[in-house]
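Contents: one structure, followed by commentary.
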Amino acid sequence: MHAWINSVVALSVAGSSMFILYYGMTVISREALTARWYYWNRKLALFFFLVPVFLLLNVPLLLKKNHQPIEGEQLLFVQQNTVWLTENFVQILFIIWLVGAIVASGWFLFMYQSGYRKLYRNLIPVPKDHEVWKILAQQQRNMKLKNRIRLTYCQENISPILIGLFKPTIVLPMYEIPNDELALILKHELIHYKKKDLWVKRLGIFAIILHWYNPLIYLLQKELTKWCELSCDEYVVMPMSLSERKKYAETILNMMQRAQRHSLSPFSAPFFTTGKMKLKKRLQRMLTDKKVSRPIGMLSIVILFIFSGVSIVSSEYTHNNISPIEEEVLTLTEESFDTSIEEEGHSELMSVKLSDESKFSKEEWKKILKKIERNEIILEE
C-alpha cells in the first residue's frame, strides 16, 4: 500500500515537473516552434506521468545495498532527509486516492457508454460503390497505410471524426461534401490514425484516473488536445503551396459552418470544430508553418535531455524520501546494539535509553556514560 502511494506521488512529481518546464518554454517561445514539437513534448510529459522511469536510478543502489550493511552515519542521514509517514496516515491517503480513482473511472465509463451508444445508433454504412472509397484508397496509398480503415455515415450533424482503437473508422456527416474537400478531410483523419492519437487520448484518460488529485493533469489533457490538432494541420499543410493551404483553411471553415458545435462523446473530439478565439491562431499557423532550422532542432534535443534529467532526478528523490515510520523502528534492532560499541569499530552508537543498560557489559556501559557526559551520545527519555 505504501509502495503504491509512494510510486504514484513520484510519478506525479515526474510528470508535473516535465510539463511545467515545457509549458514555461512554450510561453517564453510564444509558440514559435513547430506544433509537432510542442505535441511531442506534451506526450513526453504524459509518458512521465505513467511510466516509473525513476526506478532505473534505483537499480544500482539496490544492488549495492544487497552487499553493504547500513552503518550508523548512513542511518542518521536517512532520518534527517526522509519524510516519515505512519501506517494509519498511509491507509487514509490510499483510501482517498482509491475513492477518487473509482469516481473518475465511473464518470469516464458513463460518458463513454452514453456518448458512443448515441453515436452508434446513428451510424449507417457507406455504399461500396461510393466515390469516397476511391478517395480514401488514394489517400492511403499516398501515406503508405495498408491497414483497413472503415467508413460510415452519421445521421447526426457532426464534424468528421476518427473512432475505434482496434477497428479504426472514419465517421462522415450525411451532407454532401465536395471531393476536393473530402480528400483533405480524409487525409486529416488518416494522419490522426497514423500518429496513434486515439491511443494518446486513452492514455491521457488513464493518467487522469491515476492522478485525479493533480490539477496539472487536466491542463496537460487540454494541451494534448490542442497540439494534437495543430500538429495534424501541420502535417497536412507542410508540403502544400500557399494557395493549397488557403484551400485547406477554407475546408475547415466550411466544416465548422456545417457541423454542430458540441461533441457527442468526450472520447471522439470533432477534429474540424474549434472555438472562435482559437480559430484565428489555427488558421494563421496553417498559412505560416515552416520547417525548423537545424540549430534550433539540435537545441531542442539538448533541452529535451536536460528537462528529462530534471524530472527523473526530482521524482527519484521523492520516491526515496517518503518512507513509513515502521522502517525507522526496524533499523534499530538488538543486533545493531551488539555491534555498535567497538574500540576500533566501523560504527558508533548515536543514542541510548537507560533501559538499554542490560544489553551492554559493565565496561561498555561505563564508556557510554562518559560519552553521554561529553555529549557524544544522546540519552533518550
Side-chain angles (χ1 to χ4, degrees), residues 1-14 16-17 52-101 210-211 213 311-381:
M1 185 182 299
H2 169 265
W4 177 256
I5 291 294
N6 198 348
S7 297
V8 170
V9 172
L11 284 171
S12 192
V13 170
S16 297
S17 57
V53 183
F54 53 86
L55 293 180
L56 297 177
L57 297 179
N58 289 338
V59 173
L61 294 177
L62 291 174
L63 295 176
K64 186 177 180 181
K65 287 180 180 179
N66 289 336
H67 300 283
Q68 293 185 1
I70 298 178
E71 298 181 357
E73 295 179 359
Q74 293 175 316
L75 178 60
L76 180 61
F77 174 80
V78 172
Q79 291 175 344
Q80 291 176 343
N81 295 274
T82 300
V83 177
W84 301 102
L85 302 178
T86 64
E87 186 65 26
N88 289 338
F89 185 68
V90 171
Q91 291 177 353
I92 293 173
L93 286 180
F94 181 78
I95 292 173
I96 293 174
W97 172 85
L98 185 60
V99 170
L210 189 64
H211 303 282
Y213 55 87
S311 299
I312 293 174
V313 171
S314 61
S315 60
E316 191 270 344
Y317 181 84
T318 302
H319 183 262
N320 289 343
N321 289 278
I322 301 179
S323 299
I325 198 168
E326 284 77 8
E327 290 186 6
E328 181 183 17
V329 177
L330 291 176
T331 58
L332 299 177
T333 61
E334 292 186 5
E335 183 179 356
S336 64
F337 286 107
D338 295 336
T339 58
S340 61
I341 300 297
E342 300 179 8
E343 293 183 1
E344 298 294 333
H346 298 287
S347 62
E348 294 182 0
L349 188 66
M350 305 306 300
S351 64
V352 294
K353 298 180 180 179
L354 293 177
S355 59
D356 296 329
E357 180 179 355
S358 60
K359 300 176 182 178
F360 302 93
S361 64
K362 291 183 178 180
E363 294 181 359
E364 289 175 340
W365 188 250
K366 289 181 180 180
K367 292 180 181 180
I368 291 174
L369 293 177
K370 290 181 180 180
K371 289 188 176 183
I372 292 175
E373 294 176 355
R374 297 194 299 267
N375 293 325
E376 294 178 2
I377 293 179
I378 300 173
L379 180 61
E380 298 179 355
E381 295 182 357

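Computed from a predicted structure; not experimentally measured.
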Gap separating the [atom1] atom of [X] from the [atom2] atom of [Y], nearest 0.5 angstrom:
X: L369; Y: E357; atom1: CG; atom2: CD; value: 7.5 Å
X: L98; Y: I5; atom1: CG; atom2: CD1; value: 9.0 Å
X: L11; Y: N6; atom1: CG; atom2: CG; value: 10.0 Å

* Asked: Do side-chain atoms of W365 reach the backbone of S358 as a donor and acceptor pair under 3.5 angstrom?
  ->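 Not at all, since once roles are kept as given, no pair shorter than 3.5 Å links the two residues.
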* To do: Please check if the side chain of S12 supplies one atom and the backbone of V8 the other of a donor-acceptor pair under 3.5 Å.
  =>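 No, S12 side chain to V8 backbone: no donor-acceptor pair under 3.5 Å.
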* Asked: Which atoms form the tightest heavy-atom contact between W97 and L210, and what is the distance?
  ->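 Closest pair (atom of W97, atom of L210, distance): NE1-O, 2.9 Å.
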* So which heavy atom on S17 is nearest to which on S311, and how close? ->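 Looking at all heavy atoms of both residues, the shortest contact is OG-OG, 3.2 Å.
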